[in-house]
2 protein chains.
Amino acid sequence: MISGVESSASGAPVSAGPVETGLHARVLEHLGTAICGGELTPGSVLNIDELVDRYAVSRSVVREVLRVLASMGFIETRRRVGVLIRPASSWNVFDPQVIRWRLASAGRMAQLRSITELRTAVEPHAALLAATRADHDEASDLVGLAAKMWAAGKAGDEERFLRLDIEFHRRVLRASGNEMFLRLQDLIAEVLTGRHKHHLMPHHPHEQALQLHAEVAQAIQRHDGERARRAMVELMEQAFDEMRSLWEQAGEPGQG
Amino acid sequence: MISGVESSASGAPVSAGPVETGLHARVLEHLGTAICGGELTPGSVLNIDELVDRYAVSRSVVREVLRVLASMGFIETRRRVGVLIRPASSWNVFDPQVIRWRLASAGRMAQLRSITELRTAVEPHAALLAATRADHDEASDLVGLAAKMWAAGKAGDEERFLRLDIEFHRRVLRASGNEMFLRLQDLIAEVLTGRHKHHLMPHHPHEQALQLHAEVAQAIQRHDGERARRAMVELMEQAFDEMRSLWEQAGEPGQG
DNA sequence: CGCCTTGAATAAGTCTGCTTTTTGGGCCTA
DNA sequence: TAGGCCCAAAAAGCAGACTTATTCAAGGCG
C-alpha cells in the first residue's frame with residue numbers, strides 16, 4: 001500500500017515553508033537574498049548600527065541575523081572593522097535556505113545546473129544501494145508509484161505527475177539507507193517544483209521517462225542493483241538534456 | 001607547475017579552524033556536540049533562562065547560539081514552551097560544522113559511512129566532468145600530483161601522502177567545474193584526516209591505489225571521461241572496502 | 001456532558017543603554 | 001624607516017524592562 005502520497009507523505013510539506021514571520025526572518029531573508037543576488041558584493045563592509053537603522057529593528061535582531069549569516073559563510077565580523085561580505089566560494093551551498101535564495105536570484109541557472117549534476121551523480125548510486133537495501137514494502141511502493149506516474153503522465157495531469165515524481169525520487173533516496181542522500185531530496189524537490197513553476201517541463205512527460213521510472217522500480221524490487229543504476233543514469237541523462245536546453249536558451253553558458 | 005601543495009594551496013587550511021574563541025563559539029560548540037552526541041534527546045525541552053544559568057552567559061549569547069542551532073535544524077523554539085530538540089532527520093547534515101560534530105561523536109562510524117558513500121557517488125562523476133572541462137594546466141597538475149603521491153607512498157611518508165591525497169581529490173572536484181562538488185572537498189578532507197588520525201589507514205598505500213590515481217589523472221588529461229570515471233570508481237571501491245572493514249570491526253552495523 | 005469563550009500564566013521575542021574587549025591606524029621616538 | 005605606544009571605533013557581551021504569542025484551564029453555555 002502506498003500511504004499518503006497526495007497529502008505530502010512523512011509529515012514534511014513538499015516545498016512550502018510556513019512563510020516564516022517575525023523580524024528575524026524578515027531581515028535574514030532580505031540580507032540573504034541581497035548577498036545571493038550580488039547586491040552586496042564580496043569585500044564590502046557593513047556595520048551593525050547601519051543595519052539597525054536600515055531595517056528599523058533592534059541590535060539583538062541584527063546580531064542574531066548576522067550570526068546565522070556567518071554560520072552560512074556569507075559574512076565575517078571583525079572588531080574595529082564591521083561586517084565583511086564573503087565571496088560565493090565560502091558559502092554553504094548545501095544549506096537548503098541558501099539553495100532557495102540562489103534559485104530566486106540571478107544565478108538561478110547556475111544553481112539548477114549544479115544540482116542537476118549532483119543528482120546525476122547521486123541518484124544512480126542511490127538506486128544501486130536501494131536494490132540491495134530496500135525492504136519488500138519500500139520496493140512495492142516504488143513499483144506502485146511508477147505505475148501511478150505512468151497514469152498521470154498519460155492523462156496529462158501535470159500537478160499530480162510532479163508530486164508523484166518528487167515522491168518517487170524521495171523514496172529511492174530513502175531506500176538507499178543513506179541519510180545524506182535523503183537530505184538531498186529537499187534540493188531535488190526545489191529543482192523539480194522550480195522547473196515546473198517556470199514552465200520548464202514538457203506538458204506530457206516523455207514516454208521513455210515513464211518507462212524508465214518503472215524500470216528503476218522493478219530492478220530495485222528484484223535486487224538488480226546494476227540494472228537499477230543504469231536505468232537511473234538514463235533518467236538523469238534525459239533530465240540533464242532537458243535542463244541543458246533551458247540554460248542554453250537562457251543565454252547563460254552554465255560553466256561557472 | 002604545481003603550486004604550493006605543501007603549504008596548503010588556495011589559502012584555506014586543510015582542516016584546522018582557527019580554534020574559534022569567544023563565548024558564542026564556546027556555547028555553540030557545547031550544545032552542538034551535546035545534541036549530536038545524543039546527550040540531548042529529540043523532543044526534550046530547554047529554556048533560555050536555564051541555559052543562561054548553565055553557561056553563565058547573557059541572554060544575547062544564548063539567543064544567538066539558538067538562532068544558529070535553529071538554522072542547522074537542531075532545535076525549534078516555541079513561545080510558551082521553550083526550546084525543542086529536533087530529531088536527527090531534520091539536521092542539516094551537509095553543514096561542515098555538523099559533520100565535524102558528528103565525526104567527534106558516537107555516531108562517527110555512521111557519519112564516515114555516509115560520506116564515503118557520497119564520495120563513491122560523486123567523485124567518479126566529477127572525474128568524468130573534469131575530463132571534458134579541465135584545462136591544460138589543471139590536467140598537468142593532476143598528473144604531477146599523482147606522481148608525487150606515488151613517490152610519497154613508496155617512501156612511506158604518511159603525512160605527505162595524506163596531504164597529496166587530499167589535494168588530488170580537491171583538484172579533481174575543482175576541475176569538474178561544479179561548485180557543489182568542490183564544497184564536498186571539505187567533507188572529504190575531514191574523512192581522510194579523520195581516518196589518518198584514528199590510524200585507520202594502511203601505512204603503505206596499496207600499489208593499486210597509486211596506480212589508479214595516475215590512471216585518473218592521465219585519463220583526464222586525455223579527455224577520456226569514461227576511463228577517468230571507471231578508474232575513480234575503482235579507487236572509491238577500494239576506499240569503501242577499507243572503511244567497511246573498519247566499521248565492521250567497530251561492531252557497528254553501519255546501516256542507519 | 002461536551003464545546004466554546006476568556007483570561008491568566010509563561011516563555012520567547014524585542015528593545016535599549018551600558019560596559020568590555022579587540023584591533024587597525026595614526027603618531028611618536030630611536 | 002622600523003618598531004612600539006596609544007586612541008578611537010566597532011563588535012562582543014551584559015542586564016533588565018517591556019511586548020507578544022501560545023497554551024492551558026476554569027467557567028459559562030448549549
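As a basis for the values below, the full set of heavy atoms in this structure was taken, side chains included, without hydrogen atoms, waters or symmetry mates.
Protein chain B touches strand DNA chain C; the 5'-most and 3'-most nucleotides with an atom under 4.0 angstrom of its non-hydrogen atoms are C/dA9 to C/dT14.
Applying the salt bridge (Lys or Arg N to Asp or Glu O under 4.0 Å) rule to A/Asp49 yields no partners; only residues at least two apart in sequence or on another chain are considered. In this view, A/Arg80 satisfies the side chain to side chain contact (heavy atoms under 4.5 Å, CB included) rule with no residue, not counting sequence neighbours. Shown here are the side chain to side chain contact (heavy atoms under 4.5 Å, CB included) partners of B/Pro87, two or more places apart in sequence or in another chain: B/Pro42, B/Ser89, B/Ser90. For A/Asp135, the side chain to side chain contact (heavy atoms under 4.5 Å, CB included) partners two or more places apart in sequence, or in a different chain, are A/Asp137, A/Glu138. Annotation: side chain to side chain contact (heavy atoms under 4.5 Å, CB included) contacts of A/Leu23 (sequence neighbours excluded): A/Arg26, A/Val57, A/Val61. Partners of B/Arg54 under the salt bridge (Lys or Arg N to Asp or Glu O under 4.0 Å) rule, at least two apart in sequence or in another chain, are B/Glu50.
Sorted by first and then second residue, the ring pair (Phe, Tyr, Trp, His ring centres under 6.0 Å) pairs involving residues 92-111 of chain A (not counting sequence neighbours) are A/Phe74-A/Trp101, A/Phe94-B/Phe94. Pairs passing the ring pair (Phe, Tyr, Trp, His ring centres under 6.0 Å) check and including a residue from residues 20-39 of chain A, sequence neighbours excluded, read A/His30-A/Tyr55.
In this structure, B/Glu117 pairs ionically with B/Arg113, as a charged nitrogen and a carboxylate oxygen lie closer than 4.0 Å. Ionic pairing of B/Glu179 and A/Arg102 is present here: one or more N-O contacts between side-chain nitrogen and carboxylate oxygen are shorter than 4.0 angstrom. Taking the charged nitrogens against the carboxylate oxygens, B/Arg67 and B/Glu64 have no contact shorter than 4.0 Å, which rules out a salt bridge.
The closest donor-acceptor contact from the side chain of B/Arg133 to the backbone of B/Ser176 lies under 3.5 Å.
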What nitrogen or oxygen pairs link the protein and nucleotides 3-10 of chain D at under 3.5 Å?
unit_1	atom_1	unit_2	atom_2	d
D/dA8	N3	A/Arg80	NH1	3.3

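Of the residues in residues 53-71 of chain B, those lying under 4.0 Å from DNA chain D by heavy-atom distance are B/Val57, B/Ser58, B/Ser60, B/Val61. At a non-hydrogen distance threshold of 4.0 Å, nothing from residues 23-33 of chain B comes into contact with DNA chain C.
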